[in-house]
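Take a look at the structure set out below.
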Amino acid sequence: MKFLRFIENNKIKTGYFDGEKVIELTDSMEEILKNWDNWKYMSKQVKMSYSLEDIQFAPPTTPSKIVCVGLNYKDHAEELNMELPYEPKIFLKPPNTVIPANATIGYPKMSNEVDYEAELAIVISKSGKNIEMEEAHEYIGGYTILNDVTARDLQRKDEQWTRAKSFDTFCPIGPFIETEMDPMNQAISLKLNGEIKQESNTSNMIFSPKELVEFISHIMTLNPGDIIATGTPAGVGEMNIGDEVEIAIEDIGYLKNKLL
Ligand code: MG
């Protein structure tokens, strides 16, 4: 099921996309994610339905944190001539970076090199700490698409990655949370102004979503709505002002944003 949040009459609403239209639901995304396997019995449908073209997307969740994984694709490690990591290398993006599908990424004055990174993102459904791999599926509500926008010049210059990864608007996510898909076998691609720049499959990931949930939750408590970005495949590159960037993940859909 493809759940989403959207803005109607200045209010954030929740719904799902049935392939043709968006059906509004009464419950919040947090409540739906908690009960996603039997949401049908928990959440009432509002009689309103909308066409996907007419709605303004909101970010699918309001995460308390976005935990990102660096270098998690074999093809990206090969491209960089780097050895495969023996444990995930993680960093954070703050919640101020989040924008929805179709919103504008701002080009910061401090940077002269802003890159795209197409990523599959895990959406956490309930609070958990010290989660074991075998029980990780109970804490994963679904998956969405994420662009880990990075000021590459500042990342190289600073010892810490915080500045390079944290500008407002540097984390487009959405539009949908897909609750039923195989995260380890998804075509993932990125187009810049219609030209393919990244093309891979999530089967090239080094650490699986379950391994990442285990590893990260042994460091910090994961909260409902939190996002884990699972890393980017080969083909990372630069964007310029006016560019349109579109990420596709097979079973989820498209995340499109413009850079201004
Ligand atoms: Mg990344």
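All heavy atoms count here, side chains included; hydrogens, waters and symmetry mates do not. Treat the numbers as computed from the prediction; the structure is a model and nothing was measured. Counting starts at 1 for both ligands and their atoms, in listed order.
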Would Tyr143 and Ile177 count as a side-chain contact (heavy atoms from CB on, under 4.5 Å) here? Give the steps. CA-CA 5 Å; Tyr143 297 89; Ile177 298 173; over 6 Å; no

Is a side-chain N or O of Thr14 found less than 3.5 angstrom from the main chain of Asp27, in a donor-acceptor match? yes

As a quick check of understanding, evaluate side-chain contact (heavy atoms from CB on, under 4.5 Å) for Thr61 and Met29, giving each step before the final call. CA-CA 7 Å; Thr61 67; Met29 185 63 87; 4.2 Å; yes

Is there side-chain contact between Val114 and Thr150, with heavy atoms separated by less than 4.5 Å? no

Protein N, O or S atoms less than 2.8 Å from the Mg ion (ligand 1), ignoring waters? Glu117 OE1, Glu119 OE2, Asp148 OD2

SB check Asp148 Lys165 (cutoff 4.0 Å): yes

Who are the side chain to side chain donor-acceptor pair (under 3.5 Å) partners of Lys21, not counting sequence neighbours? Asp18

